[in-house]
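A note on names: the letters A, B, ... follow the listed sequences, proteins ahead of strands, and every chain is numbered from 1. This structure is a prediction, so every number in the text was calculated from the model and none was measured. Atom set for the values below is all heavy atoms of this structure, side chains included, hydrogens, waters and symmetry mates excluded.
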Amino acid sequence: MRILQLHSNYIRYKPIEKEIKTAEQAKKIERRINEVVVLFTAVEEGDDNAVAAQAIEEVRDFLMKLKVNKILIYPYAHLSSHLAKPAAALKLVKAMEKYAKNNGLETYRAPFGWNKQFTISVKGHPLAEQARTISSREKEKEEKISEALKAEEKIKSEWYILRTDGNIVQVGDFDFRHYENLEKLAKYEISKERVSQQMPPHIMLMKKLELADYEPGSDPGNLRWYPKGRLVKSLIEQFVTKIMQEYGAMEVETPVMYDFNHPSLSDYLDRFPARQYIIKSEDKDLFLRFAACFGQFLLIRDAQFSYRQLPLRIYELTRYSFRREKSGEIAGLRRQRAFTMPDCHALCSNLEQVKKEFAIRLELCMKVLEGFELKKEDYELAIRFSKDFYNENLEFIISLVKRFGKPVLIEMFKEKAFYWVLKWEFNFVDNQDKASALSTDQIDVENAVRYSITYIDENGEKQHPLILHCSPSGGVERCIYALLEKAYKEQKMGEVPILPLWLSPTQVRIIPVSDKFSRDAERITKSISKNSIRADFDDRPLTMQKKIREAETEWINYVIVIGQKEINSINLPVRDRLTGKIRKMKLQELIDEILRKTKDKPFSPLPLPQRLSQRPQFHG
RNA sequence: GCCUCGGUAGCUCAGCUGGCUAGAGCAACAGCCUUGUAAGCUGUAGGUCGCGGGUUCGAAUCCCGCCCGGGGCUCCA
């Protein structure tokens, strides 16, 4: 339905002649209505009573603002090229009239099916002229999705702590004394208790360190990445991808958008509680992916494989995955609407194979987080499953907890309610005691059937595999969030905030005592950089003290001051951020130390000019 | 999305019981200084006070709507 809405001083109209056979009865006399909101209305194909009601609701909200209570519904076909049949249109126009009257509006209606002559005087204020489109199709979609969301809310679950000795206790009976973060996670998940009032520290840091920032020109939750942030993000992406390749996953790339009306996809949408970005194309409604599942399932469905190739592992780094989270949920690097997520699926023949594969992947996920220097003390494990699955697979679940080595939060559902039977995630607890999931893995028992994914078993029969869904690191942005929050936490405890050396945008900064030594500083910078180390030098006309201060606020790992003494000596005074002390080292010793500490980690060159004087400032 | 707080120079903020030409620090730019491990000195420039409307003789200041951000609800990688 399309409505052109005009706040008018008056309108005069007069039916001239019938345009269609089914036109209403009407007298050919002029009618004048003053101080009225005129609704030129075109009823479109597919409109129903719900649309009529919604149209009036929207109009009524608007009338309240204008402090007007009088409307004229004026059938006007010319607003649309997809008009409904006249009979249906007349019915809806009448429905609108009735609905409006029932809502206390003084309602007039011009006759339907007539060629009318009219004169209108529209008010001049900015809100006087409005066009609106009310569509039933969109509304249905929204409702469909929100039903999937609501379904999740209704599901009942119970909470436990599963100890490494295999004993399970009610959350209330667990002694949290040595498990503060686990307690925070449990509170966060169960009682939804919130304490924080302040801005999350990582948001301040992401700006100050010139990593990333909000982009007001986009939708909320879509970030801009500055060179240093892009570098950090890219290194994490490379690192995770490398570990996935070593694990034996085949990297693929799939589209970011999919047809809303594809049968398998629309069915899956209903089972996944997330809101989508919707894109209208010429002849299709498309949605932006919220994970790599669609692309990989469609890809693997068309592939041919047998039990001999299982477990089959495919991997994609989704840049981006989109989830149109409610605006109030979006926060800095903790949650976006567009985020980068490594997504790895493994197809397995049976539950026995799943269990083996699951153990391997748990190990991998821990390895990935360890690569970011997030230790086991920094995150907590939560496992979710149905009661039946628990009773049938007790040993398996306990083996996961034993491997993790710390008590684990358990959410137990009375019955199976999702497409998965078990999932776990590592949760990071931040400075506001909020928990966010990082790595995760789950056992999917539905989607192979839904997407017709089959393999050939030993007997030559087609079988549906079980599918594991894993994000080995969780969202890449969120990993950076965890690193920044952790650094802040350490700073509060009197330690130095720092990034892992391999992720540090500048690993070594050279500072000449005066511009006389600029050339030497450059020479040393270059000889360090040759070794796949990110080094730069500060050639700006500032005092040395100031340059050192800035190097510290940039969290640079090693700072070296170059003056006459250094030119004359083979030893360099290396200021080590971790200790704050100056260590006398030969250049080669420093290079060796950095290469040793960043061994097995990806490297990318400095993302900015080596001379600081040549750099723009991205954030004040 | 709802509730709530906020948006003033590139950044952090002051001014906001309506009334002089809207201020400060940092950053930028120009100059001086040529430096030994966390902020050298002087000067210059920089503002549709988030956007639109209203009230008023007069609006950064009061009112309404919208946009963006923080917190809460809710939700997830």
Side-chain angles (χ1 to χ4, degrees), chain A residues 62 65-67 125-127 142 146 149-150 152-153 188-189 192-200 203-204 207-208 210 213-221 272-275 290-292 318 320-321 323-337 339-343 423 425-428 432 434-442 469-479 481-482 509 511-518 541-554 559-566 573-577 580-582 616-620:
Chain A
F62 185 78
K65 285 178 207 160
L66 290 179
K67 297 185 179 105
H125 67 84
L127 296 177
E142 295 244 357
S146 65
L149 286 167
K150 275 178 201 152
E152 190 171 64
E153 283 165 23
Y188 185 82
E189 288 287 333
K192 309 292 182 191
E193 187 176 300
R194 302 289 186 277
V195 234
S196 150
Q197 299 298 326
Q198 35 136 10
M199 184 139 158
I203 294 182
M204 186 256 297
K207 296 181 184 196
K208 217 183 73 188
E210 296 192 316
D213 208 340
Y214 298 113
E215 174 48 72
S218 181
D219 196 44
F272 193 97
R275 292 168 182 77
F290 44 81
T318 65
Y320 291 99
S321 284
R323 297 186 188 176
R324 223 199 61 225
E325 308 287 5
K326 287 182 268 177
S327 58
E329 302 164 359
I330 297 163
L333 296 173
R334 189 195 313 130
R335 163 167 293 147
Q336 304 80 40
R337 280 184 173 172
F339 62 106
T340 308
M341 182 176 60
D343 201 356
K423 82 186 232 183
E425 66 308 306
F426 289 146
N427 286 277
F428 178 83
Q432 299 174 302
K434 292 188 185 190
S436 303
L438 295 171
S439 318
T440 179
D441 204 357
Q442 56 184 242
H469 300 236
C470 172
S471 185
S473 61
V476 172
E477 294 83 355
R478 191 173 278 185
C479 295
Y481 143 83
R509 158 100 18 111
I511 296 177
V513 287
S514 78
D515 55 12
K516 276 189 223 133
F517 300 99
S518 242
L542 301 171
T543 58
M544 181 205 66
Q545 282 88 339
K546 177 121 187 189
K547 291 177 186 178
I548 289 167
R549 180 184 154 82
E550 288 196 13
E552 293 290 344
T553 58
E554 274 184 64
V559 177
I560 305 174
V561 171
I562 299 293
Q564 194 55 49
K565 277 191 251 166
E566 287 65 36
V574 178
R575 186 179 162 114
D576 185 337
R577 175 170 180 79
K581 301 238 165 68
I582 289 164
Q617 194 175 289
F618 292 101
H619 189 270

Engineer: For A:Thr318, which residues count as a side chain to side chain donor-acceptor pair (under 3.5 Å) partner, sequence neighbours excluded?
Structural biologist: A:Ser321
Engineer: Between B:C63 and B:U56, how far is it from one P atom to the other, in whole Å?
Structural biologist: 16 Å
Engineer: Could you tell me whether the side-chain ring of A:Phe339 sits stacked on the base of B:A77, using a centroid cut-off under 5.5 Å and a plane angle under 30°?
Structural biologist: yes
Engineer: Of the listed nucleotides (B:U37, B:G70, B:G36), which one gets closest to any side-chain atom of A:Glu566?
Structural biologist: B:G36
Engineer: Just by protein heavy atoms under 4.0 Å, how would nucleotides 38-44 of chain B read 5' to 3' in B, S and -?
Structural biologist: BBB----
Engineer: Would you mind reading off the distance between A:Tyr214 atom OH and B:G69 atom C1', rounded to a whole angstrom?
Structural biologist: 7 Å
Engineer: Between the main-chain N or O of A:Thr340 and the side-chain N or O of A:Glu477, is there a donor-acceptor pair closer than 3.5 Å?
Structural biologist: yes
Engineer: What is the separation between atom CG on A:Asp515 and atom C1' on B:U35, rounded to the nearest whole Å?
Structural biologist: 10 Å
Engineer: Expressed in angstrom and rounded to an integer, what is the separation of A:Lys208 atom NZ from B:C11 atom C1'?
Structural biologist: 12 Å
Engineer: Could you measure between the two P atoms, the one in B:G71 and the one in B:U35, and give it in whole Å?
Structural biologist: 48 Å
Engineer: Heavy-atom distance under 4.5 Å between the side chains of A:Tyr481 and A:Arg335, does that happen here?
Structural biologist: no
Engineer: If each of A:Ala435 and A:Pro216 is mapped to the nucleotide of RNA chain B with the nearest heavy atom, which maps nearer the 5' terminus, i.e. the 5' end?
Structural biologist: A:Pro216
Engineer: Looking at B:G1, does its base get a donor-acceptor pair with the side chain of A:Glu325 below 3.5 Å?
Structural biologist: no
Engineer: Under 4.0 Å between any heavy atoms, over every strand shown, what does A:Ile203 touch: base, sugar-phosphate, or nothing? Just pick one.
Structural biologist: sugar-phosphate
Engineer: Between P on B:G1 and CD1 on A:Ile330, what's the gap in Å once rounded to a whole number?
Structural biologist: 9 Å
Engineer: Are A:Lys547 and B:G36 close enough that a side-chain N or O sits under 4.0 Å from OP1 or OP2?
Structural biologist: no
Engineer: Taking any heavy-atom pair under 4.0 Å as a contact, classify A:Gly474: base, sugar-phosphate, or nothing.
Structural biologist: sugar-phosphate
Engineer: Using a heavy-atom cut-off of under 4.0 Å over every strand shown, decide if A:Lys581 touches base, sugar-phosphate, or nothing.
Structural biologist: nothing
Engineer: Quantified in whole Å, what is the C1' atom distance between nucleotide B:A27 and nucleotide B:U17?
Structural biologist: 35 Å
Engineer: Please state how far atom CD in A:Gln336 lies from atom P in B:G69, giving the value in whole angstrom units.
Structural biologist: 12 Å
Engineer: If the P atom of B:A22 is compared with that of B:G50, how far apart are they to the nearest Å?
Structural biologist: 15 Å
Engineer: Under the salt bridge (Lys or Arg N to Asp or Glu O under 4.0 Å) test, which residues partner A:Asp441, sequence neighbours left out?
Structural biologist: A:Arg361
Engineer: With sequence neighbours left out, write down each residue that passes side chain to side chain donor-acceptor pair (under 3.5 Å) with A:Asp343, or none if nothing qualifies.
Structural biologist: none
Engineer: With a non-hydrogen cut-off below 4.0 angstrom, is A:Gln564 in contact with a base, only sugar-phosphate, or nothing?
Structural biologist: base
Engineer: The criterion is salt bridge (Lys or Arg N to Asp or Glu O under 4.0 Å); which residues satisfy it with A:Glu552, sequence neighbours excluded?
Structural biologist: A:Arg575, A:Arg577
Engineer: Would you indicate, yes or no, if B:C73 has its OP1 or OP2 atom less than 4.0 angstrom from a side-chain nitrogen or oxygen of A:Lys326?
Structural biologist: no
Engineer: What integer distance in Å separates A:Asn427:CG from B:C75:P?
Structural biologist: 15 Å
Engineer: With distance as the sole test, does A:Arg478 use its side chain to make a donor-acceptor pair with the main-chain N or O of A:Ala437 at under 3.5 Å?
Structural biologist: yes
Engineer: Counting only Watson-Crick pairs (N1-N3 plus N6-O4 or O6-N4) and G-U wobbles (N1-O2, O6-N3), all under 3.5 Å, who is the partner of B:G36?
Structural biologist: none
Engineer: Whether the side chain of A:Tyr188 and the base of B:C75 hold a donor-acceptor pair under 3.5 Å is what I'd like checked.
Structural biologist: yes
Engineer: Can you check the distance between B:G40 and B:A59, where both ends of the measurement are the C1' atom (answer in whole Å)?
Structural biologist: 43 Å
Engineer: Describe the nucleic acid contact of A:Pro220 in one word from base, sugar-phosphate, nothing, applying a heavy-atom distance below 4.0 Å.
Structural biologist: sugar-phosphate
Engineer: So what does A:Lys565 hit on the nucleic acid, given a heavy-atom distance under 4.0 Å: a base, only sugar-phosphate, or nothing?
Structural biologist: base
Engineer: Could you tell me how far apart A:Arg334 (CZ) and B:C76 (C1') are, to the nearest whole angstrom?
Structural biologist: 11 Å
Engineer: Can you sort out the partners of A:Glu554 under side chain to side chain donor-acceptor pair (under 3.5 Å), two or more places apart, ordered by chain and number?
Structural biologist: A:Lys228, A:Arg509
Engineer: Return the nucleotide paired to B:C2: Watson-Crick means purine N1 to pyrimidine N3 with N6-O4 or O6-N4, wobble means G-U with N1-O2 and O6-N3, both under 3.5 Å.
Structural biologist: B:G72
Engineer: Considering only the P atoms, how many Å lie between B:C3 and B:C76, rounded to the nearest integer?
Structural biologist: 23 Å
Engineer: Which heavy-atom pair separates A:Phe428 from A:Leu438 by the least distance, and what is that distance?
Structural biologist: CB-CD1, 3.8 Å
Engineer: Could you give the distance separating B:G19 and B:C41 at their P atoms, to the nearest angstrom?
Structural biologist: 35 Å
Engineer: Can you tell me how far P of B:A77 sits from NE2 of A:His469, to the nearest Å?
Structural biologist: 11 Å
Engineer: Counting any heavy atom closer than 4.0 Å, what does A:Ile582 reach on the DNA or RNA strands: base, sugar-phosphate only, or nothing?
Structural biologist: base
Engineer: Could you tell me whether the side chain of A:Arg323 has a donor or acceptor atom within less than 3.5 Å of a complementary atom in the base of B:C76?
Structural biologist: no
Engineer: Heavy atoms only, 4.0 Å cut-off, all strands: where does A:Gly332 land among base, sugar-phosphate and nothing?
Structural biologist: sugar-phosphate
Engineer: Tell me which of A:Arg337 and A:Phe517 sits closer to the 5' end of RNA chain B, going by the nucleotide each one is nearest to.
Structural biologist: A:Arg337
Engineer: When rounded to the nearest Å, what value does the distance between C1' atoms of B:G47 and B:A28 take?
Structural biologist: 15 Å
Engineer: Give none if B:C26 has no partner; otherwise give the nucleotide forming a Watson-Crick or G-U wobble pair with it, both distances under 3.5 Å.
Structural biologist: B:G10
Engineer: Among A:Glu329, A:Lys326, A:Arg324, find the residue that satisfies the side-chain contact (heavy atoms from CB on, under 4.5 Å) test when tested with A:Arg337.
Structural biologist: A:Arg324
